[in-house]
Amino acid sequence: MMLEFAGIKFKNPVVIASSPLTSKIKWLMEAEKHGAAAVSTKLTFIKQPFYGKLRMHNNIKLSSIVCYDRRLDLEEGLRLVEEAKKKTNLIIFSNITHDNEDMDGWALLAKEFENAGADIIEANMVCPNVGLSTKSIKGQEALGAGEFGGAVTGQDPQRVRNVIKTLKESVKIPVVAKLTPNVADIGYMVRVCQEAGADGVCLAGAQSSLPLVDIYNDGKPEYHLLNGVSHGSLGGPACLNMAFSQVAQAATKSSLPIIGGGGLETAEQCIMMMMWGATLVTMCTSVMWYGWEVVDRIVRGMEEYLEKQGLTYQDIIGKSLKYLRPSHQLEALEGWPEVDLDKCIGCGRCAKPGHCDAIEMVDDKPVITPDRCLGCGICIALCPTKALTMHYE
């Protein structure tokens with residue numbers, strides 16, 4: 001099932017995010033082999049400000065954080081795109097940033113990648129690992145030359161506007177803004193992009209984050225092979241609900257098509273992201289953790305869902321937005337949980353919540369007092385056998 005983004009047809013919505021997964025031609029070929037429609041190549045500078053090595057904090061149940069990594073210099077990025085256009089049929093986003101205050105560098109990067117065959121320019125205004133790490137620790141006044149790319153640009157509405165205008169004047173291919181979530185109002189930043197002429201936006205995790213620490217080892221941050229730590233880019237499951245909110249805000253405040261990501265691991269989650277307003281979905285951490293088979297499962301799962309439901313990709317975009325309303329317009333419905341005694345194993349988890357006096361265990365089975373129920377739904381989430389369901393009055 002085809003769908004369209006920024007005037008380009010995609011065979012499915014799956015884009016592999018700019019990351020170590022898109023730094024080499026061998027990985028781009030793996031992306032295509034496993035079903036991705038597109039890739040965003042590894043972040044490219046004219047010349048990167050420092051040459052890092054990939055270092056990550058990984059908590060498989062919670063999150064990944066990257067605060068140090070190697071990017072590509074211009075010549076490396078161009079070779080990668082040229083090779084990808086020869087060896088794959090992928091749609092290529094070229095992820096670029098310019099780390100000085102002038103606009104000429106943005107224009108140069110975009111023109112060079114257009115000439116190399118890129119299908120879309122993705123302006124990186126999201127990466128927190130260049131200037132934002134300095135700004136987060138020492139303040140705006142500490143920023144020096146070479147520290148204005150990535151998220152530092154993405155936090156400045158006028159600079160965002162200027163970058164998009166410059167890129168649109170420099171190339172004929174579509175321009176997408178990849179925006180930092182580390183702002184007061186992401187919807188406003190998306191509108192700035194639309195007014196400046198952007199063809200779409202990408203919102204995909206990257207909340208400024210710090211890792212867990214070893215409380216028995218002098219509070220040492222849980223990174224391997226790194227002599228310290230900086231505020232880094234959040235990925236993994238911790239991003240997912242925040243990502244839904246970011247995408248929904250963008251979808252309700254602009255008409256730009258959206259690439260949504262952050263914590264996506266399953267086909268069901270990707271479908272949810274599209275229902276919150278994304279046209280395309282993007283992923284990184286899940287593939288780095290679990291392998292390229294994640295992409296196969298997501299593409300296959302999404303297509304099976306659509307076939308069974310008799311829907312197209314276009315049908316599900318923004319499907320959940322009709323439920324959004326200001327909190328003062330919400331109305332609590334009356335109800336309480338009911339228990340299926342055949343499914344109940346008497347574990348007592350449902351009676352544990354510290355604020356609840358509606359459930360008590362009698363002969364190892366939960367007894368619910370409806371008029372005491374607050375309606376929080378925690379007991380339903382805790383039940384390991386799905387023996388509890390919400391009854392609506």
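If you're wondering where the values come from, they're calculated on a predicted model, not measured in any experiment.
- Counting only distance, with no hydrogens or angles, the side chain of N12 and the backbone of G35 share a donor-acceptor pair below 3.5 Å.
- In this structure, K111 does not pair ionically with E169, as no charged nitrogen and carboxylate oxygen lie closer than 4.0 Å.
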Margin query: Applying side-chain contact (heavy atoms from CB on, under 4.5 Å) to K87 and I25, what does each step give before you reach the verdict?
Written below: CA-CA 8 Å; K87 295 184 178 180; I25 187 61; 4.1 Å; yes
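- Between the side chain of T385 and the backbone N or O of K343, at least one donor-acceptor pair lies under 3.5 Å.
- Using a distance-only test at 3.5 Å, with no hydrogens or angles considered, no donor-acceptor pair links the side chain of S170 to the main chain of K168.
- The side chain to side chain contact (heavy atoms under 4.5 Å, CB included) with L179 is formed by just one residue from the set V190, V192, V126, T153; it is V190.
- Other residues, nucleotides and ligands contribute at most 12 non-hydrogen atoms within 6.0 Å of the NZ atom of K352.
- With values rounded to the nearest 0.5 angstrom, S233 atom OG is found 9.5 Å from M56 atom CE.
- Taking the six-membered ring where tryptophan is involved, the planes of F10 and F5 are perpendicular, since the angle between them exceeds 60° and thus also 30°.
- Of the options R71, R70, K42, a salt bridge (charged side-chain N to carboxylate O under 4.0 Å, His left out) to E76 is made by R70 and by none of the others.
- Judged by distance alone, with hydrogens and angles left aside, the side-chain atoms of T22 form no donor-acceptor pair with the main-chain N or O of V39 at under 3.5 Å.
- Between the E122 side chain and the K178 main chain, no donor and acceptor come within less than 3.5 Å of each other.
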Margin query: The test is side-chain contact (heavy atoms from CB on, under 4.5 Å); show your working for I92 and K85 and say whether it passes.
Written below: CA-CA 8 Å; I92 305 295; K85 296 305 290 186; 3.8 Å; yes
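- Checking side-chain atoms of R55 against main-chain N and O of L225 turns up a donor-acceptor pair under 3.5 Å.
- Under 3.5 Å, the side chains of S64 and T285 contain a donor-acceptor pair of N or O atoms.
- Ring pair W336/H391 is tilted by interplanar angle, where 30° to 60° counts as tilted.
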Next item on the list: Walk me through it: do Y51 and D73 pass the test side-chain hydrogen bond (donor to acceptor under 3.5 Å, both in side chains)?
Entry: CA-CA 10 Å; Y51 291 86; D73 291 333; 2.5 Å; yes
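- Remark: the backbone N or O of P237 is not paired with any side-chain donor or acceptor of E265 at under 3.5 angstrom.
- To the nearest 0.5 Å, the span separating SG on C67 from CG on L234 amounts to 12.5 Å.
- With values rounded to the nearest 0.5 angstrom, L43 atom CG is found 5.5 Å from S18 atom OG.
- Contact annotation: the side chain of S94 never approaches that of T44 to less than 4.5 Å [non-hydrogen atoms, C-beta and beyond].
- Checking R159, Q158, K165 one by one against N162, the side chain to side chain donor-acceptor pair (under 3.5 Å) holds for a single residue, Q158.
- There is a path of hydrophobic side-chain contacts, each under 4.5 Å, that joins F93 to W27.
- V229 and L54 end up in different hydrophobic clusters when Ile, Leu, Val, Met, Phe, Trp and Tyr side chains are linked at under 4.5 Å.
- Considering only heavy atoms from C-beta on, V295 comes within 4.5 Å of V14 through its side chain.
- Distance check: L256 CG to I259 CD1 gives 11.0 Å after rounding to the nearest 0.5 Å.
- The residues E195 and R161 are annotated as salt-bridged, a charged nitrogen and a carboxylate oxygen being separated by less than 4.0 angstrom.
- A donor-acceptor pair is defined here as one N or O able to donate and one able to accept, closer than 3.5 Å; such a pair exists between the side chain of H57 and the backbone of E222.
- In the hydrophobic clustering of ILVMFWY residues, with side-chain heavy atoms under 4.5 Å counting as a link, I271 and V299 come out together.
- A distance-only check finds a donor-acceptor pair linking the side chain of D185 to the backbone of Y188 [under 3.5 Å].
- Distance CE/M273 to OG1/T279: 12.5 Å, rounded to 0.5 Å.
- Side-chain atoms of E360 do not come within 3.5 Å of backbone N or O of A351 as any donor-acceptor pair.
- Salt bridge absent: K386 and D340 never bring a charged side-chain N and a carboxylate O closer than 4.0 Å.
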